[in-house]
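Here the structure is laid out as structure tokens; the discussion comes afterwards.
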Amino acid sequence: MRSRSVQPSITESHNHRFFVSTQHVHVCSKSNLASTMAEATVGTGTAAAADGERAASTAKTATTSTSQSATARPPKFAELLRLDTLLEGFQPQLCCRYQKYASILENIEKHEGGLDKFSRGYEFMGFTHEDGGIRFREWMPSAQAVFLTGDFNGWNRRSHPLAGDMFGRWEIFLPNQEDGSPAIEHNTFVKLSVIAADGRRIERIPAWIRRAVQRKGQIHYEGMYTAPSTYQWNHQRPPMPAAPKIYEAHIGISSEEPKVASYVHFADNVVPRIAKLGYNTIQLMAVMEHAYYGCFGYQVTSFFAASSRYGTQDELKYLIDCAHGAGLVVLLDVVHSHASKNSLDGLGEFDGSDSCFFHAGSRGRHDQWDSCLFNYSAWEVLRFLLSNLRWWLEEFRFDGFRFDGVTSMLYLHHGLGRVFTSYNDYFDDSIDVDACIYLMLANTTTRMALSSAITISEDVSGMPAMCRPVEEGGLGFDYRLGMAIPDMWIKLLKEVPDDQWEMGHIVHVLTNRRYKEGTIAYAESHDQALVGDKTLAFWLMDAAMYTHMSLLSEPSHIVDRGLALHKMIRLICHSLGGEGYLNFIGNEFGHPEWLDFPREGNGESFAHARRQWHLVDDDLLKYKFLNAFDAKMNQAEEQASWLQAPQAYVSLKHEDDKVIVFERAGLVFAFNFHPTKSFSDYRIATDVPGKYKLLLCSDDPEFGGHQRLDASSEHFTTNMAWMNRRDSFLAYLPSRVACVYSRHE
């Protein structure tokens, strides 16, 4: 998400001097290649068994790395260079990056017993259960003293001190009571009382807490101790789809009622809708706990806690279980690009310093988002974030991730005000190499935990090798979001009359993607629906949606145009724009207006923070036509598998006729965007001769069309080469209609 609602800050009102630890900036540029390759930083707090030897061993590793060739190559580097020859000139930077990644993995193996153990930090940190009691551990390197307090000890701030070690870890063991019951009851409040380096006493929610709730009358959240879950899973993970058709959803807005919806509501009412529409993947936003509802889930305060505003952890598991039972895989929108700066209920100033999990000083702040930026070179930060991914995969059975804010992670300038025009922009001194390496580790960890997992990058910069395997020197993602596509449609609808749309420009934006790097295409996501903007349907039809969406109302040219273009835009994105497709909840039926969460500026209203399902369920309203087309479009893709096919061959981009024709997966797609002209006997190119019939037509009456085409018509190729294709056939192309033809023997 490129623009975010900034939450009210929940911090302590103290003026004090920060205790700052300095960190080096690692940049794999040509000027400092050798020195960067020599570093494989091991931060504070590795496994106790290796603590005594760490410093000497790390220094030895660094010396060994320095002696290695600066051109050390990833195992399958040749394949990356074969796919993208422009990377030839940047081999030193790519090899440097991979070498540092490999060095960190080597140190994890040496000091932590391997990545598998390292990424299960939740079995060691936070509250864990042992025979005879509960053990608690926390990492607060700048703290002078740490105490555990809560309901269990009557909120005594001194009775339960934690013992610290030389690496900034603190721990305490709480034996069971005499009757064998645990020292802390399930679902009771706990907190850390901390003496900071400057002597202040501060209070914090444990970083690894698994549940945080907002008490009535409070703004901030409080941490709760929870016993291990006893949820019994009913369904296995379904097979991963070869090409994801993603339904992006926010649980809180999924109800018709003006309230925050629940996990159970979503499972029982929305999951069946998604399955019926033919999507194979759900992408859930705003699940990681966030104190401010209006931030859309992008100001995370508790990383291991599922948001309590929707229900319990087990109720989230029920949702995912139901989705798996319906054959749907579930992705988590994970936010590791930044964190809420809140200190009372987040990670801000966690140990009293301005660093801890984050970079110190200005590098640790994202001014536009008003949030904190992780220090990806710190050992315990790596443990925390990699374990966080593992937690969501294993505890809740998510099937993969959409990584938010990747552009901000990749560059020290965060992509702000930058236009990426050459490969030099991807490999200069503005690159945050530590963040790149973290993403490589994140993808490695994810695939180690679940080999079939899907990972998607939200990157607007076009970083090369983003979606190539780590062993080739890539960052390891499966897909990136095609973020230029929705921007193009909004710009066209806002600024350009229909008869001036440039077919060549539309095709260029839809097909301008890196070879063999998967792209998720979409016409609109949550970004386009936020307050200040509006949904695609509302851009097309605006106020007419209030007056002319009934079948009983008089015909409207505005609505007729809106319905036609809504279908065409979504189909051409689906079929030409990528190797996966995404839709945001409700937009499949043309949800009107925009999204706006309850806040002071709108009187805490839920009017625009809900989904008006009655619109599509009412048989007298035209929303049902868009919904039916969406389902048919997904069904056609399931039948033809065009998302898995190589990129389409575009045979025609006719600027005067406003016609686009292309072939993909053995189908022929024809789009007539002209607002007034229809064409009889229009010649359509194809490389495969034979008989063609309509597979899908946006003008069918079941989709609110005018039935100007006969679905039973047969079109035979005429042995006439056309537009550099070996054959062609003639067909009627009505204005503002999209047709998909399949070949029949």
Side-chain angles (χ1 to χ4, degrees), residues 231-251 254 261-285 287 306 310 314-334 392-402 446-447 449-456 478-479 518 520-522 525 570 574-575 578-589 611 613 616-617 627-645 665 695-696:
Y231 184 82
Q232 298 295 311
W233 295 91
N234 296 305
H235 303 284
Q236 297 296 316
R237 298 180 192 266
M240 291 293 174
K245 295 188 282 285
I246 301 170
Y247 195 91
E248 183 187 35
H250 186 289
I251 292 159
S254 65
S262 69
Y263 295 123
V264 173
H265 169 85
F266 190 95
D268 293 344
N269 296 280
V270 184
V271 167
R273 290 181 183 269
I274 298 170
K276 187 176 180 180
L277 283 165
Y279 290 91
N280 55 31
T281 305
I282 301 174
Q283 180 177 295
L284 290 179
M285 309 173 59
V287 170
Y310 316 129
D314 283 357
E315 287 168 341
L316 173 57
K317 293 178 181 180
Y318 169 74
L319 186 165
I320 295 171
D321 208 3
C322 288
H324 286 167
L328 302 167
V329 301
V330 187
L331 308 182
L332 175 68
D333 193 345
V334 70
W392 292 107
L393 289 171
E394 299 202 345
E395 181 70 15
F396 293 96
R397 296 195 182 180
F398 278 97
D399 302 296
F401 303 104
R402 178 254 197 203
T446 298
R447 301 240 156 53
L450 182 64
S451 61
S452 59
I454 297 170
T455 61
I456 301 170
D478 295 299
Y479 304 93
I520 303 295
Y522 57 105
S525 69
R570 292 169 72 83
H574 203 308
S575 55
E579 291 69 41
Y581 178 74
L582 179 144
N583 163 71
F584 181 66
I585 181 172
N587 290 349
E588 68 276 6
F589 66 81
R611 297 289 86 176
W613 301 111
V616 68
D617 294 338
N627 195 72
F629 183 77
D630 202 69
K632 191 72 171 182
M633 178 173 65
N634 283 330
Q635 180 184 332
E637 195 287 326
E638 191 69 21
Q639 178 180 335
S641 301
W642 65 62
L643 289 172
Q644 301 175 50
L695 174 66
L696 178 63

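Start at 1 with the first residue, then count along the sequence. Keep in mind that this is a model prediction, so the values were computed, not measured.
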Stepwise side chain to side chain contact (heavy atoms under 4.5 Å, CB included) check, I246 with F584: CA-CA 8 Å; I246 301 170; F584 181 66; over 6 Å; no

Under-4.0 Å salt bridge between R447 and D478: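 Salt bridge flag = yes for D478 with R447.
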
Residues R273, E588: salt bridge by 4.0 Å N-O rule: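 Salt bridge absent between R273 and E588.
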
Parallel, tilted or perpendicular: ring planes of H574 versus Y581, cut at 30 and 60 degrees: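 If you compare the ring of H574 with that of Y581, the planes turn out parallel.
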
Heavy atoms, side chains only, cut-off 4.5 Å: are [X] and [Y] in contact?
X: I251; Y: S262; value: no
X: T446; Y: F398; value: no
X: L319; Y: L284; value: yes

Y522-N587 side chain donor-acceptor pair, cut-off 3.5 Å: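 Looking only at side-chain atoms, N587 and Y522 do not form any donor-acceptor pair under 3.5 Å.
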
Exercise: identify the closest heavy-atom pair between [X] and [Y]:
X: V271; Y: A326; answer: CG1-CB, 4.2 Å
X: P239; Y: V329; answer: O-CG1, 4.0 Å
X: M240; Y: S452; answer: CG-O, 3.1 Å
X: L328; Y: P238; answer: O-CG, 3.6 Å
X: N634; Y: L277; answer: ND2-O, 3.0 Å
X: L643; Y: A243; answer: CB-CB, 3.5 Å

Q644 vs E579, side chain to side chain contact (heavy atoms under 4.5 Å, CB included): CA-CA, chis, key distance, verdict: CA-CA 6 Å; Q644 301 175 50; E579 291 69 41; over 6 Å; no

W613 side-chain N/O to V270 backbone N/O, donor-acceptor pair under 3.5 Å: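 Not at all, since once roles are kept as given, no pair shorter than 3.5 Å links the two residues.
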
Check: H235 side chain, C322 main-chain N or O, donor-acceptor pair, under 3.5 Å: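 No.
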
Atom [atom1] in [X], atom [atom2] in [Y]: separation rounded to 0.5 Å?
X: I274; Y: N269; atom1: CD1; atom2: CG; answer: 11.0 Å
X: F401; Y: L331; atom1: CZ; atom2: CG; answer: 9.0 Å
X: E248; Y: L582; atom1: CD; atom2: CG; answer: 5.0 Å
X: Y263; Y: I320; atom1: OH; atom2: CD1; answer: 9.0 Å
X: Y231; Y: R397; atom1: OH; atom2: CZ; answer: 9.0 Å
X: H324; Y: D321; atom1: NE2; atom2: CG; answer: 8.0 Å

Set of side chain to side chain donor-acceptor pair (under 3.5 Å) partners for N280, sequence neighbours left out: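 With sequence neighbours excluded, N280 shows a side chain to side chain donor-acceptor pair (under 3.5 Å) to no residue whatsoever.
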
Identified side chain to side chain donor-acceptor pair (under 3.5 Å) counterpart of N583 within the set Q283, R570, K245: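 Going through the options one by one, the only one that passes is R570.
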
Step-by-step side chain to side chain contact (heavy atoms under 4.5 Å, CB included) determination, I585 to Y247: CA-CA 6 Å; I585 181 172; Y247 195 91; 3.4 Å; yes

Salt bridge (charged side-chain N to carboxylate O under 4.0 Å, His left out) involving R237 - partner list, sequence neighbours excluded: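 With neighbours one apart ignored, the set is D399.
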
Evaluation steps, side chain to side chain contact (heavy atoms under 4.5 Å, CB included), between F396 and L316: CA-CA 8 Å; F396 293 96; L316 173 57; 3.6 Å; yes

